[in-house]
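Here the structure comes first, spelled out in structure tokens, and everything after it is commentary.
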Amino acid sequence: MRRAAIIAGVLAILCPAIGWAQDTGADAFARNDLTTARALWQDEAAAGSAEAMLGLGLLADRGVDGARDPAAAFDWYAQAAALGLAEAQFNLAIIHDAGTDRPRDVDAAILWYTRAALRGHARAQFNLGLLYEAGDGIAANPALAQYWFDKAAVAIPAAAAKALPPQPAIGVTAPDLLFAQAGEVVWTINGASSQRFLVEALRLPDSTGDYATPEITVVTAGSGLLLDADADVLWRVSTLAPDGTTYAASGWAGMADITPPAGRVTLIADPSSPAMRTAAEVFATDLRHAGYWVRLDARAPEESDTYISFGYSADKSLAADLAAYLPTLTGITPVKQSLNTTAPGEIIVNLAAFR
């Protein structure tokens with residue numbers, strides 16, 4: 001009943017939300033001239049107007065001037081939602097959440113609620129909080145619930161009244177990456193976990209073969225971000241342990257024609273030693289063939305015994321694999337965790353430390 005009431009309420013308030021203007025479908029709808037509204041909205045939708053698509057979805061959803069057509073309403077909402085219209089994204093979320101005209105799909109509801117919430121839609125923010133608070137179709141997550149309630153609090157008194165008990169930050173659970181495209185990233189998490197998420201965007205290595213510093217690294221307590229980023233990057237979200245010792249990562253997503261890295265490896269080689277530089281280039285070529293992204297770092301020798309280092313304990317096995325691949329003259333390859341030195345999935349091979 002709650003979702004049915006929400007749907008009715010949303011449809012009732014859509015008229016002022018669309019943003020009326022004279023001689024448009026919205027203007028005709030405001031005059032209750034539904035036949036003209038439909039005709040004008042069809043022309044405007046054909047020209048790419050997301051607001052007109054939303055209006056046509058509204059007509060089909062309400063059954064105005066005819067029987068309800070839930071399939072047509074869903075299709076129009078989906079087209080407007082894909083263009084970034086928050087009201088349409090919210091309507092899609094309601095349909096998936098309610099499960100009235102189609103089977104309930106909580107993941108889809110979370111995706112579309114979040115996309116609308118990122119655009120400031122207070123009711124979407126509130127409904128996300130309700131889902132995470134109740135564990136309705138997903139594991140309860142009081143921290144994420146409170147995050148979205150806080151976002152909605154300015155516009156919705158019921159959200160402002162929420163004060164959930166804090167969630168113990170124990171362990172890490174890998175996020176489920178629901179959407180990653182053109183600077184918009186949405187994820188969810190099933191289970192109790194740390195509430196620090198690292199969002200990374202990587203660009204394909206350049207023509208020299210070296211991978212670059214990530215385009216974006218952002219830490220957030222939420223479950224989605226709108227960022228200023230190009231479309232041609234790979235995205236990943238990692239849950240970070242509260243003490244910074246480990247992480248659990250989603251898969252990479254983004255451009256379909258880019259193969260994600262098996263890992264990222266920085267090879268540090270003494271620029272004053274041509275032999276070391278040559279060895280580093282051989283190692284780099286072999287590692288790239290094995291699916292790693294590699295960069296060469298010309299750096300003077302360091303006063304350190306560390307040959308291979310990693311920042312997170314989750315990467316210890318990756319470092320051990322590289323240690324087995326890169327033997328030293330003594331047959332012993334020192335491997336050491338060094339906190340706050342690498343990104344998740346990144347290993348440093350300090351060739352300069354072995355002289």
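The minimum heavy-atom distance between P205 and G209, with the atom names listed, is CB-O, 3.8 Å.
For H121 and F126, the ring centers sit 6.0 Å or farther from each other. For W112 and F90, the ring centers are positioned 6.0 Å apart or more.
The shortest side-chain heavy-atom distance between P242 and R196 does not fall under the 4.5 Å cut-off. Looking only at side-chain heavy atoms (C-beta outward), L202 and V233 stay at 4.5 Å or farther from each other. Contact check for N350 versus I308: no side-chain heavy atoms found under the 4.5 Å cut-off. When side chains are defined from C-beta on, F179 counts as touching Q181, because their heavy atoms get closer than 4.5 Å. Proximity of T114 to W148: side-chain heavy atoms (C-beta onward) are separated by under 4.5 Å at one or more points. Side-chain contact between R102 and I95 is present, with at least one heavy-atom pair separated by less than 4.5 Å. Side-chain contact between V294 and L267: present, with at least one pair of heavy atoms (C-beta onward) separated by less than 4.5 Å. Side-chain atoms of T188 and S223, non-hydrogen and from C-beta on, never get closer than 4.5 Å to each other.
Between the side chain of D315 and the backbone N or O of G345 there is at least one donor-acceptor pair closer than 3.5 Å. Judged by distance alone, with hydrogens and angles left aside, the side-chain atoms of T342 form a donor-acceptor pair with the main-chain N or O of G311 at under 3.5 Å.
Ion pairing between E87 and R123 fails under the 4.0 Å rule for side-chain N and carboxylate O. Contact check on D136 versus R104 returns a salt bridge, with a Lys/Arg side-chain nitrogen under 4.0 Å from an Asp/Glu carboxylate oxygen. Electrostatic pairing of D101 and R68 counts as a salt bridge here, judged by a charged N lying under 4.0 Å from a carboxylate O.
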Run the side-chain contact (heavy atoms from CB on, under 4.5 Å) check on V218 and L198 step by step: do they pass? CA-CA 6 Å; V218 177; L198 171 66; over 6 Å; no

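If you run salt bridge (Lys or Arg N to Asp or Glu O under 4.0 Å) between E346 and each of R264, R236, R295, only R295 comes through.
Put simply, CG on D105 and CG on L111 are 9.0 Å apart, with the number rounded to the nearest 0.5 Å.
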